[in-house]
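Letters go in sequence order (proteins before strands), and every chain restarts at 1.
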Amino acid sequence: MILSPAFYERDTVTVAKDLLGCLLVHREEETTAGWIVEVEAYLRGDPAAHSYRGETKRNSVMFGPPGHAYVYLIYGLHTCVNVVTGAGEAILIRALEPGIGLELMQARRGMSDPVSLASGPGKLTQALGITMDQNGTSLYDGPLQVRSPDSLPGRRPEGFPGEIVQTTRIGITKAVDLPLRFYLKGSRYVSRR
DNA sequence: ATCAGGATTGGCT
DNA sequence: GCCAATCCTGATT
């Protein structure tokens, strides 16, 4: 089932951990989806967060309603998708275990190995066809959705339910020591171990 | 108007 | 491990 707005109206770190094991779904002509196995939280007063210096045109979605997608372009090449929890806070989806639409994901990524298909923030957006067009869209009322872990009968991501590993975040240059990255222990689909 | 730098990835050494 | 690709944003002149 689709996660309701109330799911997102909670402490950002709590939401981040609860997102692990959930299904990120993109419904188009064809559906692609994968289980969230790795996330990072970006908080208020956090120098690494895009919202740190206040609201701008680019980051305005982070200051909007919880449960919406904040999508941005990085290095002029890749897009990353975040789950907004409100007040300038958001959760970066860093890796998925492919679930539905494997063939389309492989075509979009130009490769076949499921382990490398969505094991990175730029990879998973490409695999699911997420672009800047999805910036600001609702995750509970639209084609891009987050669903509970039991959404695919009889199927569960590797390492879920199970232990959650907490580490420092990847690829940032500020607030490098904050332990705000979370992933499913035992998953082969995380971006790095 | 200009410019440095980025929540990355893939290819090469 | 190192580095180029590629372009938008925000800060500065």
Completion exercise
Here DNA chain B, pairs taken as Watson-Crick or G-U under 3.5 Å and shown with ( ), [ ] when crossing and | when to another strand, reads ||||||.|||||.
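- Backbone-only engagement by Leu73(A) is indicated by non-hydrogen atom pairs under 4.0 Å involving sugar-phosphate atoms exclusively.
- Using a 4.0 Å cut-off between charged nitrogen and carboxylate oxygen, Glu38(A) and Lys123(A) do not count as a salt-bridge pair.
- Relative to the ring axis of Tyr183(A), Arg94(A) does not place its NZ or CZ within 45° and under 6.0 Å from the centre.
- Contact check for Glu40(A) versus Ile170(A): side-chain heavy atoms found under the 4.5 Å cut-off.
- Computed from coordinates, the His50(A) NE2 to dA11(C) C1' distance equals 15 Å when rounded to whole Å.
- Residues Leu152(A) and Trp35(A) are in side-chain contact: their nearest non-hydrogen atoms beyond the backbone lie under 4.5 Å apart.
- Within 4.0 Å (heavy atoms only), Arg109(A) reaches sugar-phosphate atoms of the nucleic acid but no base atom.
- Taking atom CD1 of Ile74(A) as the reference point, atom P of dC8(C) lies 13 Å away to the nearest angstrom.
- A 4.5 Å side-chain heavy-atom check between His50(A) and Tyr70(A) finds at least one atom pair inside the cut-off.
- Between Tyr75(A) atom OH and dT9(C) atom P there is a gap of 16 Å when expressed in whole angstrom units.
- Both Lys174(A) and Ser119(A) lie near DNA chain B, and the one whose nearest nucleotide falls closer to the 5' end is Lys174(A).
- Counting any heavy atom pair closer than 4.0 Å across all strands shown, Arg58(A) reaches sugar-phosphate atoms only and no base atom.
- Of all nucleotides in DNA chain B, those with any atom nearer than 4.0 Å to a heavy atom of chain A start and finish, going 5' to 3', at dG6(B) to dG10(B).
- Cluster membership for Phe63(A) and Met132(A), using ILVMFWY side-chain heavy atoms within less than 4.5 angstrom, is not shared.
- Note: the hydrophobic cluster containing Leu128(A) also contains Ile91(A) (ILVMFWY, side chain heavy atoms under 4.5 Å, direct or indirect links).
- As a whole-Å value, the separation of His78(A) NE2 from dT9(C) C1' is 17 Å.
- Both Phe160(A) and Val83(A) sit in one connected hydrophobic cluster of ILVMFWY residues. Membership requires side-chain heavy atoms under 4.5 Å apart, directly or through other members.
- Note: Arg193(A) CZ to Arg188(A) CZ = 8.5 Å, rounded to the nearest 0.5 Å.
- Within the nucleic acid shown, Ser191(A) has no heavy atom closer than 4.0 Å to any nucleic acid atom.
- With P as the reference atom, dT6(C) and dT2(B) are 23 Å apart, rounded to whole Å.
- Remark: P of dC8(C) and NZ of Lys57(A) are 12 Å apart, rounded to the nearest angstrom.
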